[in-house]
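Notes follow once the structure below has been shown.
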Amino acid sequence: MPEHNRYEALGLDGIARKVMAGERLTLDEGRALFACPDVTAVGALAHLRRTALHGDRTFYVVNRHINYTNVCINGCAFCAYQREKGQDGGFELSIQDAVDLLLAAPLTPREVHIVGGCHPDLRLAFFVDLLTSVQKALPEATLKCFTAVEIAHFARLEGISTIEVLQTLKAAGLAMLPGGGAEIFAPEVRRRICPKKSDAVEWLRIHGEAHALGLATNATMLFGHLESIDDRLDHLDQLRRQQDQSLQNGGKGFTCFIPLPFQTENNAIKVERPLTGLDELRTIAVSRLMLDNIPHLKAYWVMLTVKQAQAALFFGADDLDGTVVEEKIGHMAGATSRQGLTKAQLEAMIRGLGLTPVERDARFNPIGGQA
Ligand code: V47
Ligand code: SF4
């Protein structure tokens with residue numbers, strides 16, 4: 001069979017057999033996929049896996065991103081969004097501001113994504129009020145709010161455990177944690193790009209705690225800055241180990257993985273060799289193949305661009321995120337995509353590729369009885 005010959009010629013036949021059997025790939029096999037001269041062969045394997053999991057179904061969500069503040073004590077080197085307290089350009093939304101923005105969204109959001117900087121003064125009571133007010137204003141929406149880094153920050157400010165923070169926020173309506181703050185787990189790189197942020201152990205522990213409390217979470221990887229290919233593979237491996245553990249313990253686990261290509265503008269990191277489009281697609285494909293226990297992979301059009309996100313749907317991705325409406329973190333760092341997409345645009349993007357759009361909620365349940 002021609003495909004078999006293709007993988008054999010590239011030395012990938014063993015990997016191809018394992019992918020078809022749904023078996024776990026080793027880190028060495030991941031290295032071979034990164035080193036393979038034919039990126040389309042790697043993409044074809046990832047597409048095979050995506051198709052085995054989801055067919056041609058391609059997910060999107062009507063959502064709204066809200067950033068409550070960009071004031072942050074961490075000052076990560078890659079971040080163009082952060083400001084010091086009192087610095088020009090810093091902002092803090094009130095609870096009413098956040099609710100007003102959500103109610104003004106063109107379509108009622110099904111998923112509300114709220115994240116912000118680690119503000120030195122905003123206390124847990126504010127976030128409890130925020131969640132309660134948002135849930136009251138949008139009773140149908142799922143609240144996917146606060147990265148593990150914010151959860152750790154709230155716990156430090158309050159002098160309580162991260163489990164207590166999660167329990168308190170869950171009681172106020174929190175249903176999911178977004179995947180931000182993971183960056184790259186390798187300690188050497190993390191020390192250079194985000195030394196003040198939670199380390200890998202803390203980030204993974206908080207996601208494990210959330211899973212055990214019945215909260216689903218997402219996971220990201222920021223790539224294309226100072227990390228090596230081995231650092232990317234280590235990151236993926238740590239995520240799949242955490243997922244094994246969370247699922248074995250009967251917890252919720254990671255729902256979706258989001259690879260975030262580094263946006264290079266207005267920040268302190270100078271990259272020697274910026275990512276090419278094919279680097280991005282290969283990383284997406286290898287992620288799909290290594291993360292055998294995380295069901296969904298998001299082509300986040302905001303950071304990838306709309307056209308590259310479309311290509312990613314044939315390199316292992318099955319989700320386009322959503323309408324978003326307004327985005328600051330990527331755009332302040334040079335993302336050239338538009339601010340939001342309409343539901344019709346998302347559907348057209350998917351149908352234009354011959355794939356089947358499925359509107360989902362935050363937990364990837366199809367909406368309105370779609371297949
Ligand atoms: O954690 C910051 C990243 C993340 C840059 O869970 C940058 O569904 C690229 O996590 N270049 C926040 N990335 C975004 C995020 C996210 C987005 C969409 C959906 C979900 C989800 C999560 O943005 C941060 C950081 O890794 N980021 N600066 C930059 N210059
Ligand atoms: Fe703060 Fe997040 Fe920016 Fe780091 S990435 S400086 S934690 S807002």
Side-chain angles (χ1 to χ4, degrees), residues 59-61 63-85 87 90-91 111-120 142-153 175-185 190 193-198 203 207 210 215-227 235 254-271 274-275 280 294 296-304 309 319-324 327-337 360-364:
F59 298 89
Y60 73 91
V61 63
N63 64 355
R64 188 8 165 150
H65 282 213
I66 299 280
N67 300 124
Y68 57 88
T69 186
N70 61 349
V71 174
C72 181
I73 59 170
N74 283 344
C76 303
F78 56 80
C79 181
Y81 165 78
Q82 179 261 0
R83 295 291 181 273
E84 297 296 324
K85 192 177 166 193
Q87 189 185 346
F91 70 87
E111 173 192 274
V112 173
H113 173 120
I114 303 181
V115 294
C118 293
H119 193 289
T142 302
L143 308 189
K144 178 181 67 144
C145 312
F146 316 125
T147 67
V149 173
E150 289 163 273
I151 301 292
H153 174 69
M176 280 189 81
L177 295 188
E183 320 314 355
I184 204 85
F185 291 144
R190 219 170 165 85
I193 66 168
C194 52
K196 296 193 189 160
K197 196 169 232 171
S198 302
W203 191 95
H207 279 262
L215 298 166
T217 76
N218 289 341
T220 55
M221 174 174 75
L222 180 68
F223 68 100
H225 43 88
L226 307 180
E227 86 293 357
H235 190 95
F254 296 112
T255 305
C256 183
F257 176 67
I258 308 131
L260 297 169
F262 176 54
Q263 312 292 308
T264 55
E265 304 296 309
N266 307 320
N267 62 60
I269 294 183
K270 294 286 159 270
V271 289
L275 288 168
E280 292 178 353
I294 299 185
H296 296 283
L297 194 148
K298 181 176 304 195
Y300 187 41
W301 61 264
V302 169
M303 305 279 191
L304 285 169
D319 179 59
L320 280 180
D321 197 78
T323 47
V324 178
E327 199 282 335
K328 293 194 172 77
I329 299 171
H331 283 91
M332 289 172 88
T336 56
S337 54
R360 63 164 175 88
D361 66 14
R363 297 191 189 85
F364 281 79

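What you see below is based on every heavy atom in this structure, not just the backbone, and it leaves out hydrogens, waters and symmetry mates. Read the numbers this way: they start at 1 and go in the same order the structure lists the ligands and their atoms.
- If you check which protein heavy atom lies closest to atom 6 (O) of ligand 1, you get Gly179 N, 2.8 Å.
- Only side-chain heavy atoms of Ala333 come within less than 4.0 Å of ligand 1; its backbone N, CA, C and O stay farther off.
- Of all the listed residues (His113, Met221, Glu111, Gln263), His113 holds the heavy atom that lies closest to atom 19 (C) of ligand 1.
- Remark: ligand 1 atoms within the under-4.0 Å shell around heavy atoms of Thr220 are 10 (O).
- Under 4.0 Å from ligand 1, not a single heavy atom of Thr147 appears.
- Residue Lys298 has at least one nitrogen or oxygen atom sitting less than 3.5 Å from a nitrogen or oxygen atom of ligand 1, judged on distance alone.
- The nearest heavy-atom contact from the protein to atom 8 (O) of ligand 1 is Lys144 NZ, 2.5 Å.
- Backbone and side-chain nitrogen or oxygen atoms of Asp321 are examined, and none is located within less than 3.5 angstrom of a nitrogen or oxygen of ligand 1.
- You'll find the side chain of Met221 reaches within 4.5 Å of the side chain of Ile184, heavy atoms only.
- Heavy atoms of Met176 come nearer than 4.0 angstrom to ligand 1 in no pair at all.
- For atom 3 (C) of ligand 1, the closest non-hydrogen atom of the protein is Leu260 CD1, 3.9 Å.
- Here is the list of ligand 1 atoms found below 4.0 Å of a heavy atom in Gly181: 1 (O).
- Between the CG atom of Asn218 and the CD1 atom of Ile258 there is a distance of 4.5 Å, given to the nearest 0.5 Å.
- Per-residue contacts place Gly180 under 4.0 angstrom from the following atoms of ligand 1 (heavy atoms of the residue considered): 1 (O), 10 (O).
- The backbone of Pro261, and not its side chain, has at least one atom closer than 4.0 Å to an atom of ligand 1 (non-hydrogen atoms only; backbone = N, CA, C, O).
- For atom 5 (S) of ligand 2, the nearest non-hydrogen atom of the protein is Lys197 NZ, 3.4 Å.
- The single protein non-hydrogen atom nearest to atom 3 (Fe) of ligand 2 is Cys79 SG, 2.4 Å, given as residue, atom name and distance.
- When side chains are defined from C-beta on, Glu183 does not count as touching Glu227, because their heavy atoms never get closer than 4.5 Å.
- Proximity of Asn74 to His153: side-chain heavy atoms (C-beta onward) are nowhere separated by under 4.5 Å.
- In summary, the side chains of His119 and Thr69 do not present any donor paired with an acceptor at a separation below 3.5 Å, with no hydrogens or angles considered.
- Cys76 lies close to atom 4 (Fe) of ligand 2, since one of its N, O or S atoms is found at a distance under 2.8 Å.
- Numbered from 1 in the order shown, with element, the atoms of ligand 1 that lie under 4.0 Å from a heavy atom of Asn218 read 6 (O), 8 (O), 21 (C).
- At a heavy-atom cutoff of 4.0 Å, ligand 1 is contacted by no atom of Tyr81, backbone or side chain.
- Annotation for ligand 1: atoms under 4.0 Å from non-hydrogen atoms of Ile329 are 2 (C), 23 (O), 27 (N), 28 (N).
- Of all protein heavy atoms, the one closest to atom 1 (Fe) of ligand 2 is Cys72 SG, 2.3 Å.
- Annotation: atom 13 (N) of ligand 1 to nearest protein heavy atom, Leu222 CD1, 3.2 Å.
- Contact atoms of ligand 2 toward Asn74: 7 (S) (distance under 4.0 Å to a heavy atom of the residue).
- The distance criterion of under 3.5 Å between nitrogen or oxygen atoms is met by Glu183 with respect to ligand 1.
- Applying the 4.0 Å criterion to heavy atoms of Pro178 picks out, from ligand 1, the atoms 6 (O).
- The shortest heavy-atom distance from Cys118 to ligand 2 is not under 4.0 Å.
- With values rounded to the nearest 0.5 angstrom, Ile193 atom CD1 is found 4.0 Å from His225 atom NE2.
- The single protein non-hydrogen atom nearest to atom 28 (N) of ligand 1 is Phe78 CD1, 3.4 Å, given as residue, atom name and distance.
- Applying the 4.0 Å criterion to heavy atoms of Ile258 picks out, from ligand 1, the atoms 6 (O), 8 (O), 20 (C), 21 (C).
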